[in-house]
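A quick write-up on the structure given underneath.
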Amino acid sequence: MQGTIQNREGFLNTIAERLGRQRKQSVNKPEWNDQPQFDVYKGATQDQLLDRFKQACEPVHTEVRETSVSELPNQLKETIMDYGSGSIVIGKDQRFVDFGLMPTLKPFDVHEWDIQLGQENIDKAAQANIGISFSDISLAESGTTVFLSDKHKARSINLLPYCSIVIVAKSTLVPRITQAMRIIDQRVKAGETIEPYINMISGPSNSADIEMNLVVGVHGPVKVVYLLVRDC
Amino acid sequence: MPMKIGTEPFFERVDRSIHDDFMRQAMASAQDRLRGRKLEATVGDDSLIDWELWRNAGEEIRRHTLENLDFYLEQLSESYAARGGHVFFAATAEEANRYIQEVVQKKQAKHVVKAKSMVTEEIGLNEALEAVGCDVLESDLAEYILQIDDHDRPSHIVVPSLHKNKEQIRDTFREKRGYTKSEKPEELAAFAREELREAFLKAEVGITGCNFAVADSGTVALVTNEGNANMVTTLPDTQITVMGMERIVPSWEELDVLVTLLCRSAVGQKLTTYVTGLSPDLEADSVDSPKDYHLVIVDGGRSKALGTEFQSALHCIRCAACVNVCPVYRHIGGHAYGSIYQGPIGAVLSPILGGYEEYGELPYASSLCAACTEACPVKIPLHELLIKHRQRYVSGGGHPKASEKLSMKVFGIGASSPSLFQMAKGMAPAMLSPFTKEKRIEKGPGPMKPWTEIRDFPAPSRDNFRKWFDEHKKKAGDDQ
Ligand code: SF4
């Protein structure tokens with residue numbers, strides 16, 4: 001459904017007038033003179049990006065556990081236990097099946113997001129101890145995981161629970177935010193509708209508002225752990 | 001709380017501020033830490049190759065966007081509405097508030113939560129919502145602290161509660177909210193987490209500001225650390241974003257550069273914990289996304305800068321890097337500016353938005369040492385804009401109020417007399433903290449040169465500014 005637009009013409013006419021010209025119907029965006037963003041970690045191999053990613057996690061208070069594809073189910077189980085298991089929430093995400101994780105999760109108290117259940121999903125997520133999700137794109141420079149959230153891979157999963165376990169496939173690593181935003185940009189330019197919620201998360205929530213002291217764990221998760229899977 | 005804070009005349013505000021030792025010390029230590037982190041993450045980070053290239057890129061993007069602002073705002077409104085969101089263009093604060101009141105009333109909403117909302121402070125949205133019977137809760141930790149302390153005033157763009165120590169915060173929490181634990185920041189934050197979690201779950205309307213809107217995709221980007229903006233944009237059914245009209249980028253390609261500049265300059269992080277792109281949701285059966293999206297685009301006096309020598313002030317990305325290097329801010333603190341926009345950018349922006357009548361004296365709260373200009377990640381020539389304001393002000397652009405005449409005698413000399421300038425230059429070495437390593441100072445001869453020059457001045461004593469100020473105040477008084 002198309003939304004409404006109110007008061008636009010007068011508002012934009014004022015801007016054009018102040019700029020001393022007619023309204024612009026089209027604009028050619030220039031090729032920017034300086035584009036240093038593409039030179040950061042240029043030509044780095046996937047292994048180098050992996051090292052960089054691990055280094056970047058430490059200052060953002062995020063534990064990294066490295067594992068292989070075949071060891072991932074065990075590693076996940078261990079991590080869940082280490083972080084106190086309890087209730088768990090996951091998205092409706094084919095990757096849990098592809099990585100063979102459904103049998104691992106079965107013995108635990110797991111809620112899989114189901115849009116048919118409406119509000120119950122949010123209540124479960126708000127009470128959950130652990131949320132488990134997959135990083136769609138992972139940024140080596142900053143130890144960031146990118147989530148292209150939609151109604152099935154819901155945004156609450158890595159926001160409301162106390163702990164967030166994120167599965168980071170090595171194949172999703174790119175140098176920095178530049179490559180992630182370029183992927184999104186190209187989809188927009190191709191006329192695709194991008195996900196309503198694109199969240200780039202680097203570690204647990206934090207604040208330095210009280211006398212500049214860093215407090216980890218404010219509104220979002222208090223603990224974040226990455227399971228880094230060597231899938232390539 | 002509207003843009004103006006406090007009712008005291010400028011001179012008295014300054015006078016009071018420089019005698020508040022805790023405040024001055026807090027400002028100084030926050031400046032040192034934030035500036036140190038910024039240097040580490042900018043000129044000090046070799047992986048970026050050359051920070052100057054980033055600044056160039058930021059400046060070019062901002063200039064192009066503002067020169068074509070009508071086009072990009074039109075594109076934004078089309079793409080946002082195509083996704084089902086509603087867009088309202090508000091020429092004034094009153095128009096913006098009225099529209100938001102109507103949305104909230106139509107929903108019969110009583111509980112509103114807010115995050116990241118400088119522009120909503122500017123337009124006085126809280127009061128407008130309270131007037132129609134809503135509870136409005138600020139959810140940024142600092143804003144929350146100020147709000148429950150009887151709406152105390154912000155003192156820094158990025159860390160608004162900087163002037164409060166943890167004991168004061170503990171006492172406020174005890175008195176107003178029945179808090180029983182200690183002054184440990186972890187315990188205070190955990191208490192806020194608990195209180196706010198309930199509020200997030202019960203709120204019907206969530207309101208946020210906007211770091212950057214992306215014109216071609218209809219996205220609002222939020223750059224935060226606490227996770228509260230994510231709560232505000234996830235849990236309530238109605239989402240309202242309020243943005244200053246200049247906070248826009250053409251596409252995600254430019255968003256990349258500006259987010260990088262902002263995170264590194266504001267808090268010295270590679271990225272803040274959350275960088276979130278929120279676009280209206282077309283899918284009716286989503287569970288945890290708002291059902292109704294509104295984008296309110298505010299002029300509020302900004303267009304007065306377009307086509308003038310002050311246009312570049314609208315390039316600002318609100319990182320506060322200029323605030324964190326300003327020797328005058330260091331001594332007088334945020335409250336003395338009498339505006340929610342403080343420090344060098346506040347002294348440039350407040351007179352544009354609020355007029356010379358109210359803010360004409362702020363451009364004199366500067367030593368013109370140019371540290372702000374050197375620090376600015378989008379290369380706004382702040383000190384030059386301050387001089388231009390002064391020129392306009394004295395040539396009849398403003399009419400100093402009688403009560404301000406005294407302050408003009410002190411600060412009004414700034415342009416013609418070098419006293420304040422000399423003073424601030426003398427203070428500058430104290431501002432170069434130990435973690436500003438030699439190698440970084442020397443790196444990049446262009447922007448760092450002025451720093452290396454003033455570094456050679458002798459370090460002043462801590463009380464120099466106060467002594468100087470008292471003497472000049474007395475002298476100005478004698479001249480009356
Ligand atoms: S003027 Fe420049 S340095 Fe100051 S807040 Fe704005 S962008 Fe940052």
Side-chain angles (χ1 to χ4, degrees), chain A residues 1-8 11-12 14-16 18-20 23-24 27 29-30 32-37 39-40 115 118 121-122 126 141-142 144 151 154-156 159 177-178 181-182 184-185 188 194 196-203 205-207 209-213 215 218-220, chain B residues 30 33 47 49 53-54 56-57 60 68-71 74 77 81 84-89 91 141-142 159 161 165-166 169 185-186 188-189 193 216-217 225-228 230-231 234 250-253 255-257 270-271 273-279 281 283 285-289 303 306-307:
Chain A
M1 198 191 66
Q2 176 82 19
T4 55
I5 300 174
Q6 295 178 54
N7 277 3
R8 183 171 70 186
F11 189 103
L12 297 185
T14 304
I15 291 177
R18 296 271 182 186
L19 288 167
R23 287 267 296 278
K24 288 219 173 154
V27 166
K29 206 171 71 178
W32 306 114
N33 285 323
D34 289 299
Q35 303 190 23
Q37 66 270 35
D39 293 330
V40 180
I115 54 171
N121 291 289
I122 297 175
E141 180 191 47
S142 47
T144 305
K151 60 184 177 184
R155 57 188 84 173
S156 295
L159 180 65
I177 189 178
T178 301
M181 290 208 171
R182 179 137 272 226
I184 298 160
D185 187 49
V188 173
I194 55 167
Y197 212 72
I198 297 176
N199 212 359
M200 308 193 171
I201 306 182
S202 316
S205 62
N206 61 81
S207 168
D209 282 351
I210 302 174
E211 286 192 20
M212 303 288 300
N213 287 305
V215 176
V218 190
H219 297 300
Chain B
R33 291 170 71 171
S47 71
I49 300 153
L53 298 178
W54 289 85
N56 293 344
E60 192 185 8
N68 298 288
L69 186 60
D70 51 334
F71 173 79
E74 180 163 6
S77 62
H86 302 289
V87 183
F88 184 84
F89 285 88
L141 186 54
V159 196
S161 59
N165 62 32
K166 51 187 189 297
I169 298 169
E186 295 75 23
L188 292 165
R193 175 187 169 97
D216 68 351
S217 68
N225 272 322
E226 293 176 13
N228 60 318
N230 299 74
M231 297 286 180
T234 295
S251 73
W252 286 75
E253 196 191 331
L255 182 63
D256 163 28
V257 175
K270 293 194 167 68
L271 287 181
T273 306
Y274 299 96
V275 175
T276 305
L278 172 75
S279 321
D281 197 348
E283 307 243 33
D285 53 358
S286 287
V287 174
D288 63 347
S289 97
S303 58
L306 290 173

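Excluded from the calculations below are hydrogen atoms, water molecules and symmetry mates; all remaining heavy atoms, backbone and side chain alike, are included.
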Any [X] side-chain heavy atom under 4.5 Å of [Y] side chain:
X	Y	result
K151(A)	V287(B)	no
T14(A)	L306(B)	no
N165(B)	E211(A)	yes

Looking only at heavy atoms and a cut-off of under 4.5 Å, which of [options] has the most pairs with chain A?
options	value
A57(B), A91(B), P185(B)	P185(B)
G227(B), S161(B), G307(B), S303(B)	S303(B)
V257(B), L278(B), T234(B)	T234(B)

For [X], is it the side chain, the backbone, both or neither that has a heavy atom under 4.5 Å from a heavy atom of chain B?
X	result
N199(A)	both
V218(A)	both
R155(A)	both
V40(A)	both
S156(A)	both

Can a side-chain donor-acceptor contact be found between [Y] and [X] if the only test is distance below 3.5 angstrom?
X	Y	value
T144(A)	K270(B)	no
N225(B)	S205(A)	no
D256(B)	T178(A)	yes

Is [X] close to chain A through its backbone or its side chain, or both, or neither, when contacts mean heavy atoms under 4.5 Å?
X	value
L255(B)	both
V275(B)	both
P250(B)	side chain

F89(B) vs I5(A), test: side-chain contact (heavy atoms from CB on, under 4.5 Å). Steps then yes/no. CA-CA 8 Å; F89(B) 285 88; I5(A) 300 174; 4.0 Å; yes

Chi angles and distances behind the side-chain contact (heavy atoms from CB on, under 4.5 Å) call for E74(B), K24(A): CA-CA 10 Å; E74(B) 180 163 6; K24(A) 288 219 173 154; over 6 Å; no

Does the pair Y197(A) and N230(B) meet the rule for a side-chain contact (heavy atoms from CB on, under 4.5 Å), with working shown? CA-CA 10 Å; Y197(A) 212 72; N230(B) 299 74; 3.3 Å; yes

Would you confirm whether [X], through its side chain, and [Y], through its main-chain N or O, come within 3.5 Å as a donor-acceptor pair?
X	Y	value
E60(B)	N33(A)	yes
H86(B)	T4(A)	yes
S142(A)	L271(B)	no

Working note: I198(A) + W252(B), criterion side-chain contact (heavy atoms from CB on, under 4.5 Å); need CA distance, chi angles, decisive distance, verdict. CA-CA 12 Å; I198(A) 297 176; W252(B) 286 75; 4.1 Å; yes

Taking all non-hydrogen atoms of both residues into account, name the closest pair between T273(B) and G203(A) and its distance.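 That closest heavy-atom pairing would be CG2-O, 3.2 Å.
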
Partner chain B: residue of R23(A), Q37(A), H219(A) with the largest heavy-atom pair count (under 4.5 Å):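 The residue among R23(A), Q37(A), H219(A) with the greatest pair count is H219(A).
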
In terms of heavy-atom pairs under 4.5 Å, which option from V215(A), V27(A), I115(A), I201(A) contacts chain B the most?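 Highest number of pairs under 4.5 Å: V27(A).
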
